[in-house]
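Only one structure is covered here, and it is reproduced in the block below.
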Amino acid sequence: MIRALHRWPGLLALAFLTVLALSGAALSVFPAAERMSAPQAMAGQSVADLAARVAARHPGLEEIRRAPSGKITAWWFAGGTPGSAVVDPATGADLGSADPNPVQRWLTNLHRSLFLGDAGRLTMAAGAAAMLILAMSGAALVARRTGGWRRWFAPLRGPRAGRLHVELARIAVVGLSLSATTALWMTASTFNLLPDNAAPPAAPATVSGQTGFPLDQMAALRDVPVDTLRKLSFPFENDAQDVFTLHTDTGTGLIDQGTGALVGWTDQTAGQRVSEIVYMLHTGEGAAVLGLILGLIALSLPVMGVTGVMIWAAGRRGRPRIAQNAAAGRAETVILVGSESGSTWGFAATLAKALQTAGQAVRVAAMAGFDPARHPRAERYLILAATYGEGDAPASAKGFLNALTALDQAPSAPVAILGFGDRSFPAFCAFAAEVEAAARDKRWGMLLPMDAVDRQSPQDFARWGRALGAAIGLTLELDHHPARPEAESLTLISRRDHGAEVQAPTAILRFALPRAGLWARLTGRGITRFQAGDLLGIVPEGATVPRFYSLASGSRDGFVEVVVKKHPGGLCSGQLMDLAPGDTVQAFLRRNPGFRAGRGDAPLILIGAGTGIGPLAGFIRANDRGRPVHLFFGMRHPDSDFLYREDLGGWQDDGRLASLTTAVSRGARPHYVQDALRMEATQVAEAIRKGAKVMVCGGRDMAQGVAKALDEILAPFGLTPATLKAEGRYVEDVY
Amino acid sequence: MKSLLATLALSTALTLPGLAMARPVTLTTTMNSYGGDGAYLALYVTDTSGAYVGSLWMAGGKSKYYQHLSGWYAATGGDPAQINGITGASVGAGRTLKVSLDLADALFDAGYTLHIDAAVEDMRESPDEIAVPLTADGAGKPVQGRRYISSFTYE
C-alpha cells in the first residue's frame with residue numbers, strides 16, 4: 001500500500017517535479033547573489049536618513065523599497081518621466097537598473113505556473129502535493145527498509161540504483177517536505193484561501209494640510225531602522241491631503257507630510273506574519289543560505305526520479321504480474337516468495353491464481369517484508385523459497401529468518417514450506433530447510449511437511465499442489481509453465497576453439513549486441529544493459545527449458561560473449577558448439593547481482609577453472625581503473641585449453657591484470673587452482689587481510705577445493721570463507 | 001500586439017439614476033515595455049468632488065492583489081460587487097487592453113474623471129497612473145500614463 005502510494009504519484013509527477021526541482025534550484029541562487037551584491041545600509045541608519053539621502057538625489061521621489069537582501073530600490077517621477085534605480089543607502093546614488101531580472105522572472109513564472117496562469121499554478125501545486133506524498137510515503141519505506149525510524153541512517157545493501165535512491169532520500173526528505181509544504185501554503189495564499197491579507201490602514205481623520213516637513217527630521221521615520229523597512233511611499237505631489245505610507249516588518253503606518261508625525265498604524269496580522277515566514281523559507285529571500293541548501297536538495301529530485309524508475313523497472317522485469325493481489329490486511333492466504341532470479345515468483349503467480357479460482361483472497365509478497373501483524377485475516381502462510389549459493393537466503397528473502405526469530409510467537413495460521421532448487425547441488429533447498437527448522441523452533445503449525453521442487457519441475461509443483469489442496473480442503477491443480485523473458489536472436493560474429501586435443505572441446509563464442517529500441521534501453525529490458533557475470537539464458541531448439549551461461553562481457557564491451565564446453569550428449573552445448581559465424585541462437589538476459597566485482601579499489605582475487613574463466617575475463621577486461629586484480633586459472637594443458645591466453649597477456653601489459661597464476665592438471669604432476677593458491681598462500685592471505693574480494697567461478701568440485709584451500713590459508717589469521725561470505729567478500733558462481 | 005476585447009452591457013456600475021441615453025465607448029490602454037510581469041489595472045470614474053462613482057473594468061483576477069491598486073481600493077474598500085462581471089486578465093508589458101462599453105451621456109463634460117490605477121509585481125504601485133477628464137473633445141486623444149501606460153484613449 002505504502003509502496004503504491006510512493007510509486008504512482010512518483011511516476012506521474014516525475015516530469016513536473018523535474019521542472020519544479022530544476023527551476024527551483026536555479027532560482028535559489030538569486031537571493032544569495034543579491035545578498036552578496038547589494039550594498040547594505042549603514043549600521044544604525046534610520047529610514048529618515050535614508051529617505052533624505054535618496055530624495056536629495058532624486059526629485060519627485062515616489063517610493064523607496066528594501067528587499068530582504070538589503071537591496072534598496074527607489075522610484076521617482078520628475079519632469080514628466082518616471083525613473084527607478086537600485087540605490088546606495090549610504091549616498092542615495094544610483095547603482096543600476098531596478099527592473100526585475102528577466103531570467104529570474106522567466107524562471108519564477110515557469111516554476112510557479114508553467115506560464116499557464118491559474119491552471120499552471122494548480123498543476124504545479126499538485127506537483128508539490130505529489131512531492132509531499134512522495135516524501136511521506138518514502139520516509140515510511142526507508143524506515144521499513146532500514147528496520148525502523150531509529151535506524152534511519154543504517155547502511156544499505158542491494159543494487160546501486162536502490163541504494164542511491166535511499167541515500168539521497170533520507171537526507172533530502174526534510175528539505176523537500178519543507179519546500180512542498182511552503183509551496184502549498186503559498187498557492188493557497190495566492191488563491192486567497194488563507195487569512196493572511198494585510199489590512200490597509202484607515203485614512204486618518206485629519207491631516208495638517210501642510211507640506212514640506214524635512215524628511216530627515218520626521219519623528220515617525222527617525223526611530224525606524226532601515227533593516228526593518230519594507231516600503232516607504234511618498235504622498236502625491238501637490239496633494240496636501242495625502243500622507244506618507246510606511247511598511248515595516250511589523251505593520252503599516254501613515255505619516256503626515258506637514259508634521260512628520262504618525263497619524264495611523266495597523267499591526268501586521270498573525271496570518272500575514274506566518275505567510276511572510278513561509279515565503280522566506282520557500283524562496284530564500286531573507287534566508288539566502290537556507291535557500292541555497294534547499295536548492296541543492298532540489299537537485300537530488302531528478303536523480304531520485306531516474307533511480308526510482310530504474311527500481312520500478314527492475315522490480316517489474318523479474319516478476320510476473322500478480323493479478324488481483326489482495327491487500328495485506330484482507331488476505332486469507334499469504335504466499336511469501338524467496339527468489340533470487342525471479343523464477344519462483346512465476347510459481348507463486350500460478351499458485352495464487354489457482355487459490356483465487358478456489359475463492360481465496362490471496363496476497364503474494366516477498367519473504368523479506370515478513371510481518372504477520374499486517375495479515376490479521378491470514379488463515380495460512382505458504383512459503384516458496386529458493387536458495388542462493390550454498391544455502392544463503394535469496395534476494396527477496398533477506399532478513400526473513402531474523403524477522404521470524406524475533407517474533408514473540410509464531411503466527412496462529414499454519415504454514416506450508418516448498419523449497420526450489422537443483423538436486424545436483426549439495427545445498428539443495430538448504431535455505432528452505434533452514435526456514436523450516438526456524439519455523440519448527442517457533443512451534444509454527446505445519447500444514448504439511450516441507451517439500452521441494454527440483455529444477456523447476458512442473459510435476460513436482462503439481463504434486464505439492466494436490467497435497468496442499470488435500471490439507472486445506474480445496475482442489476488445487478497447479479499447471480505451471482515457467483515464464484521467462486522474451487528471447488531475442490543473437491548472431492554469432494566469431495568463435496575461438498580450444499581443448500579438442502584434451503577431449504574437452506571448448507569455445508569462446510562472441511555474438512553481436514542485438515539492436516534495441518529506445519524504450520528497451522531506457523527500461524533496461526532485453527539484452528541491453530548487462531555486466532560480466534550476468535547470465536545468458538539460451539533456449540536450445542527442440543527444448544523449452546533454458547540453459548544459463550555466465551557472460552564474459554559487459555554491454556559496454558559492445559558484444560555478448562560466453563564460454564561453452566561441449567558436454568557429451570548435451571543438447572544446448574552441442575547446438576552452441578555447432579554454430580558458425582552468422583548463425584543465430586535464441587537468448588535472454590538474467591541478472592546475477594550476487595556475482596559482481598563491485599566498484600571498490602580493494603584487490604580482486606579471481607579464481608576459476610575451465611569455462612569458469614568467462615566472467616572473470618569479463619571483469620578483467622572491464623577493469624580500466626587499475627584495480628589490482630589477481631587471476632588464478634586452472635586448465636588441462638597450456639597448448640590446448642589456455643582460454644584467453646593472448647588477451648590475458650595484453651591485459652597484463654595495460655594494467656588491467658596485476659598477476660596471473662596458472663595450474664595445469666594434465667601431465668606428470670597434476671596441479672589444480674587450489675594447489676596454486678596454496679603455493680601463493682602468503683600473498684593471498686595478505687591481500688585478503690587488506691580487504692581483497694574473492695570471486696570463484698567454475699565447477700562444484702573446484703569450488704569446494706578452493707574453499708578448503710582458503711580455509712587452510714586463512715585459518716592462522718582467524719578468518720574463514722564463511723566470514724568473508726557474510727561480508728560479501730567471497731562470492732561464487734558454481735555450476 | 002494582442003487586443004483584449006470585452007463588451008459590457010449597460011447594467012454596469014455606472015447606471016446612474018435618471019440616465020436614459022448612453023453611447024458606446026471603447027477604452028484602449030496600451031502598456032509600455034516596463035520589464036515586469038502582467039499589470040493589474042483598475043479603471044474607474046470619480047465625480048467633480050473626487051468621490052468614487054463606479055468601476056469600468058478590472059484587469060487582474062486575484063482579489064488578493066487589489067489592495068495594491070490603492071486609489072481604487074481606498075475608494076471601494078475592495079468591494080467585489082463593484083467589479084462583478086467586469087473582470088479580466090492582467091495586461092502584459094507591451095500589450096493592449098481594449099474594453100467596449102456603453103457609457104451614459106451624462107458622464108461627459110460634467111466634471112467626471114476617468115482613473116486608472118496600475119500595479120506590477122515587485123515594482124512600484126502606480127495609483128492614478130492615468131487621470132483624465134471625460135469630455136466630448138477629449139475623445140480619441142491619446143493620454144500618456146505616469147509609468148506603465150504608454151497611451152490611453154476613449155472614443
Side-chain angles (χ1 to χ4, degrees), chain A residues 60-65 67 71 73-78 80-84 97-102 104-106 108-109 112-113 115 117-118 121 186 188-203 231-237 239 241-243 245 247 252 254 275 285, chain B residues 4 31-40 46 49-52 59-80 87-94 115 117-131 143-150:
Chain A
L61 187 61
E62 290 183 318
E63 189 168 303
I64 298 172
R65 286 191 183 203
K71 185 174 86 172
T73 317
W75 310 74
W76 62 88
F77 188 84
T81 43
S84 62
S97 164
D99 288 350
N101 181 326
Q104 187 179 9
R105 206 153 59 81
W106 188 88
T108 303
N109 281 320
R112 69 182 171 196
S113 69
F115 311 109
D118 281 356
R121 281 176 195 269
M186 283 163 64
S189 171
T190 300
F191 285 94
N192 221 355
L193 303 174
L194 299 174
D196 63 346
N197 279 337
K231 187 167 90 172
L232 176 67
S233 300
F234 285 58
F236 250 101
E237 225 175 339
D239 182 356
Q241 298 302 308
D242 205 0
V243 290
T245 312
H247 296 264
T252 307
L254 302 177
S275 279
E285 286 176 27
Chain B
L4 298 162
M31 313 304 293
N32 61 35
S33 49
Y34 51 80
D37 279 335
Y40 270 48
T46 58
S49 67
Y52 172 79
K62 299 245 174 335
S63 60
K64 183 180 181 63
Y65 303 127
Y66 291 166
Q67 56 176 289
H68 299 293
L69 302 161
S70 42
W72 180 86
Y73 196 88
T76 62
D79 178 12
T87 305
S90 59
V91 188
H115 300 259
D117 287 6
V120 178
E121 183 181 6
D122 289 334
M123 297 180 81
R124 164 164 165 72
E125 302 163 10
S126 186
D128 268 354
E129 169 78 17
I130 297 270
V143 187
Q144 197 187 348
R146 283 170 71 88
R147 193 172 287 275
Y148 302 116
I149 296 175
S150 71

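Below, chain A is the first sequence line, B the second, and so on; all start at residue 1.
Put simply, of A:Arg105, A:Arg65, A:Lys231, the one with the most heavy-atom pairs under 4.5 Å next to chain B is A:Arg105.
Residues forming a ring pair (Phe, Tyr, Trp, His ring centres under 6.0 Å) with A:Phe234 (at least two apart in sequence, or on another chain): A:Phe244.
Of the atoms belonging to A:Thr245, not a single heavy atom falls under 4.5 Å from chain B. With a threshold of 4.5 angstrom between heavy atoms, B:Tyr65 approaches chain A through side-chain atoms but not through N, CA, C or O. Of the two parts of A:Trp76, only the backbone, made up of N, CA, C and O, holds a non-hydrogen atom closer than 4.5 Å to a non-hydrogen atom of chain B. With a threshold of 4.5 angstrom between heavy atoms, A:Pro102 does not approach chain B through any atom at all. In this structure, no portion of A:Thr73 lies under 4.5 Å from any heavy atom of chain B.
Nearest heavy-atom pair across A:Asp99 and A:Ser84 is OD1-OG, 4.4 Å. A pairwise comparison of heavy atoms in B:Tyr148 and B:Ala118 identifies CD1-CB, 3.9 Å as the closest pair. The heavy-atom pair separating B:Ala93 from B:Gly35 by the smallest distance is CB-N, 4.4 Å.
In terms of modelled atom types and a separation under 3.5 Å, the side chain of A:Asp242 and the main chain of A:Phe236 share a donor-acceptor contact.
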Check your understanding: What's the verdict on side chain to side chain contact (heavy atoms under 4.5 Å, CB included) for A:Glu63 and A:Leu232, showing C-alpha distance, side-chain angles and the deciding distance?
Key -> CA-CA 6 Å; A:Glu63 189 168 303; A:Leu232 176 67; over 6 Å; no

* Asked: side chain to side chain contact (heavy atoms under 4.5 Å, CB included) between B:Arg147 and A:Glu62: does it pass, once the steps are laid out?
  -> CA-CA 11 Å; B:Arg147 193 172 287 275; A:Glu62 290 183 318; 2.8 Å; yes

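Near-neighbour residues of residues 67-75 of chain B relative to chain A, defined by a heavy atom under 4.5 Å from a heavy atom of that chain, comprise B:Gln67, B:Tyr73. Within residues 119-129 of chain B, the residues that have a heavy atom under 4.5 Å from a heavy atom of chain A are B:Glu121, B:Asp122, B:Met123, B:Arg124, B:Glu125, B:Pro127, B:Asp128, listed by number.
Note that CG of A:Asn192 and OH of B:Tyr66 are 10.0 Å apart. Values are rounded to the nearest 0.5 Å. Summarising the geometry, atom OG belonging to A:Ser189 is positioned 7.0 Å from atom CG belonging to A:Asn197; distances are rounded to the nearest 0.5 Å. Taking CG of A:Leu61 as the start and CD of A:Glu237 as the end, the distance is 10.5 Å to the nearest 0.5 Å.
Here salt bridge (charged side-chain N to carboxylate O under 4.0 Å, His left out) pairs that include residues 193-202 of chain A, with residues two or more places apart or in two chains, are A:Asp196-B:Lys64.
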